[in-house]
Amino acid sequence: MDYKHLQKQVDFLLENASPNIQYRVKKEILKEACDSIEMLELQEKILTLPKVKKAFACQRENGFFGSVLHGVYFDGFDSTVNLLKRNGVEITNPCMVKARVALTNWQNYERDHFYKAGNAMDEHGRGGFRAIWAEQLVELGADESLPQIQEQISNALNAFLGALQYSTPDDFSKKATFRGQRCRYYIKGSTFPAANHISILEKTLSWRSPENLEMVRKSYWHCKEIMKDYHDGFIYINCGHFVGPFNYNWNASKERISICSFDDYPIDFAWSMRGLSTASISYPIFDDGNPCLAESLADMITDENLIDNIGEEQLRHFKNYSSLEPSWRKKKSVACDIYFPLLLALCKLLRA
């Protein structure tokens with residue numbers, strides 16, 4: 001990667017992007033202090049952005065964002081927190097602090113529409129409703145000693161420890177079909193890590209004794225070996241009906257990717273870009289990323305025809321689920337929205 005070109009893209013964003021992107025470029029790429037006058041002024045501008053104002057408007061009197069824990073923007077607590085953090089709102093903001101306190105002291109969770117299905121997953125140690133609850137507390141900077149968080153850390157460690165006894169997917173799951181698609185369901189009492197288990201461990205530190213780290217890493221690579229040729233679809237929990245956990249993509253592709261890679265799955269482009277622009281703090285445990293990702297991102301960033309090569313459906317989904325710019329009336333705004341997640345992810349990889 002030509003670092004002069006990288007600096008050129010940084011300069012382009014600082015000159016043309018909206019305050020939320022400018023703030024995150026300065027904070028996460030240039031490592032500027034958040035308490036400088038310029039950064040405080042940008043934070044004030046962020047709070048006036050339409051999506052940010054709408055998100056704060058959906059906050060209830062008790063501090064809860066929206067009406068459910070897991071849902072879409074402005075109704076789901078998790079997606080609304082994600083939106084605010086990706087827009088550069090700090091967790092020290094009074095509204096974010098109020099949301100953390102509300103979630104910590106939450107009592108009426110059984111009324112949540114996701115509770116019933118999520119609770120079935122929790123009962124089997126799969127981390128459903130309570131895993132989302134714990135992860136949102138972590139996202140808002142809650143103390144890891146909270147029982148909601150420690151419970152999920154314990155479940156995650158147990159999932160990794162239990163997986164060491166298996167040799168094939170048949171040891172912990174059985175083949176089935178669901179709506180005409182191949183799938184599997186977990187054998188009752190079996191333990192095997194999924195994405196939610198990995199996520200809570202990567203975002204927390206309190207569990208990281210040398211013994212735990214060694215066990216988790218050993219188990220992770222053991223699971224990779226077990227699942228390297230797995231093609232039976234999602235693994236569900238069978239509780240009279242199928243309930244799906246947050247499966248981890250154990251055998252993800254390690255090839256170079258491009259904008260064209262998403263032509264057949266346009267919504268995946270939006271989710272992928274949203275993932276690249278995450279504002280979550282993570283402490284990686286495994287060095288198992290796509291070795292071609294940095295080159296792929298560099299290729300896209302240096303492609304002068306990048307925007308023109310993105311399909312209409314990809315752009316539509318991106319705008320709905322992943323955009324940070326308040327308006328796309330100018331082509332430069334679209335470019336800022338597209339280039340920022342690519343640049344942010346590449347800078348993180350180059351620093352790793």
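For residues 139-160, the salt bridge (charged side-chain N to carboxylate O under 4.0 Å, His left out) pairs, not counting sequence neighbours, are Lys85-Glu139, Glu139-Lys203. Residue pairs meeting the salt bridge (charged side-chain N to carboxylate O under 4.0 Å, His left out) criterion with at least one member in residues 323-348, sequence neighbours excluded: Asp308-Lys331. Here side-chain hydrogen bond (donor to acceptor under 3.5 Å, both in side chains) pairs that include residues 55-68, with residues two or more places apart or in two chains, are Ser67-Asp75. Residue pairs that meet the side-chain hydrogen bond (donor to acceptor under 3.5 Å, both in side chains) test with at least one member in residues 171-182, sequence neighbours left out, are Ser173-Arg184. Applying the side-chain hydrogen bond (donor to acceptor under 3.5 Å, both in side chains) definition to pairs two or more places apart or across chains, those involving residues 214-229 are Tyr220-Tyr248, Tyr220-Asp288, Lys224-Asp288, Glu225-Lys228.
With Ser199 contributing its side chain and Ala195 its backbone, the two residues share no donor-acceptor pair below 3.5 Å. At least one donor-acceptor pair under 3.5 Å links the side chain of Arg208 to the backbone N or O of Leu201. Formation of a donor-acceptor pair under 3.5 Å by the Ser79 side chain with backbone atoms of Val72 is found in this model. A distance-only check finds no donor-acceptor pair linking the side chain of Asn196 to the backbone of Ile132 [under 3.5 Å]. No side-chain donor-acceptor contact under 3.5 Å links Glu90 to the backbone of Gln43. A donor-acceptor pair under 3.5 Å is absent between the side-chain atoms of Asp303 and the main chain of Asp299, judged by distance alone. In this structure a side-chain-to-backbone donor-acceptor pair under 3.5 Å is missing from Gln152 to Ala134. Judged by distance alone, with hydrogens and angles left aside, the side-chain atoms of Asn158 form no donor-acceptor pair with the main-chain N or O of Thr191 at under 3.5 Å. The backbone N or O of Leu6 lies less than 3.5 Å from no partner atom in the side chain of Gln9, so there is not a single donor-acceptor pair. In this structure, the side chain of Thr48 engages the main chain of Lys45 through a donor-acceptor pair within 3.5 Å.
Under the ring-ring contact (aromatic ring centres under 6.0 Å, His included) rule, Phe178 has a single partner from Tyr185, Tyr236, Phe234, which is Tyr236.
The two atoms that bring Leu103 and Gln148 nearest to each other are O-NE2, 4.4 Å, heavy atoms only.
Ring-plane geometry between His70 and Phe114 is classed as tilted, the angle between the planes lying from 30 to 60 degrees on a 0 to 90 degree scale. Using the six-membered ring where Trp is involved, Tyr339 and Phe12 have ring planes that are perpendicular, over 60° apart on the 30 and 60° scheme. Using bins of under 30°, 30° to 60° and over 60° for the plane-to-plane angle, the ring pair Tyr115/Tyr109 lands in the tilted bin.
Take His317 and apply the ring-ring contact (aromatic ring centres under 6.0 Å, His included) test, not counting sequence neighbours, and it matches no residue. Not a single salt bridge (Lys or Arg N to Asp or Glu O under 4.0 Å) links Glu202 to another residue, sequence neighbours left out. For Lys26, the salt bridge (Lys or Arg N to Asp or Glu O under 4.0 Å) partners two or more places apart in sequence, or in a different chain, are Glu32, Glu38.
With no hydrogens or angles considered, no side-chain donor-acceptor pair links Arg24 and Asn20 at under 3.5 Å. A donor-acceptor contact closer than 3.5 angstrom links the side chains of Ser323 and Lys51. Side-chain polar atoms of Ser280 and Ser282 form no donor-acceptor pair below 3.5 angstrom. With hydrogens and angles left out, the side-chain atoms of Gln150 and Ser206 include a donor and acceptor closer than 3.5 Å.
Rounding to the nearest 0.5 Å places CD of Gln136 at 11.0 Å from CD1 of Ile149. Here the straight-line distance linking atom CZ of Phe74 with atom CG of Leu83 works out to 5.5 Å at 0.5 Å rounding. Distance check, rounded to the nearest 0.5 Å: OG of Ser36 to CD of Glu41 gives 8.5 Å. Within the model, atoms CG of Asn119 and CG of Asp112 stand 11.0 Å from one another, a figure rounded to the nearest 0.5 Å. Atom-to-atom distance recorded for Ser327:OG and Leu49:CG is 11.5 Å, nearest 0.5 angstrom. For the atom pair Arg351 CZ and Lys31 NZ, the distance stands at 5.0 Å (nearest 0.5 Å).
Contact annotation: the side chain of Ile198 approaches that of Phe286 to within less than 4.5 Å [non-hydrogen atoms, C-beta and beyond].
Side-chain heavy-atom separations under 4.5 angstrom define the hydrophobic clusters, and Ile37 shares its cluster with no other residue. When hydrophobic side chains of Ile, Leu, Val, Met, Phe, Trp and Tyr are connected at separations under 4.5 Å, Leu40 ends up as a singleton with no cluster partners. Grouped by direct or indirect side-chain proximity (heavy atoms under 4.5 Å, Ile/Leu/Val/Met/Phe/Trp/Tyr only), Tyr283 sits with Leu205, Ile281.
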**ring pair (Phe, Tyr, Trp, His ring centres under 6.0 Å) evaluation trace for Tyr186 with Phe192** = CA-CA 9 Å; Tyr186 286 105; Phe192 199 81; 7.4 Å; no
**Request:** Determine, step by step, whether Trp133 and Phe64 satisfy the ring pair (Phe, Tyr, Trp, His ring centres under 6.0 Å) criterion, reporting the C-alpha distance in whole Å, the side-chain angles of both residues, the deciding distance to 0.1 Å, and the verdict.
**Result:** CA-CA 12 Å; Trp133 186 358; Phe64 197 94; 9.8 Å; no
**Test ring pair (Phe, Tyr, Trp, His ring centres under 6.0 Å) applied to Tyr321 and Trp271, step by step** = CA-CA 7 Å; Tyr321 301 113; Trp271 292 121; 5.2 Å; yes
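Residues Val216 and Leu164 are members of one and the same hydrophobic cluster, defined by side-chain heavy-atom contacts under 4.5 angstrom among Ile, Leu, Val, Met, Phe, Trp and Tyr. The same ILVMFWY cluster, assembled from side-chain heavy atoms under 4.5 Å apart, contains both Ile310 and Leu276. A continuous path of ILVMFWY side-chain contacts below 4.5 Å connects Leu146 to Leu69, so both sit in one hydrophobic cluster. Placement of Ile285 and Leu161 within a single hydrophobic cluster is found when ILVMFWY residues are connected by side-chain heavy-atom separations under 4.5 Å, directly or transitively. A single hydrophobic cluster is not seen to contain both Val68 and Val81; linkage of ILVMFWY side chains at heavy-atom distances under 4.5 Å, directly or through other members, places them apart.
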Going by atom type alone, with no hydrogens or angles, which donor-acceptor pairs under 3.5 Å involve a side-chain atom of residues 257-270 and a protein atom two or more places apart or on another chain?
residue, atom, partner, partner atom, Å
Ser258, OG, Cys260, N, 3.3
Ser261, OG, Ser258, N, 2.9
Ser261, OG, Ser258, O, 3.2

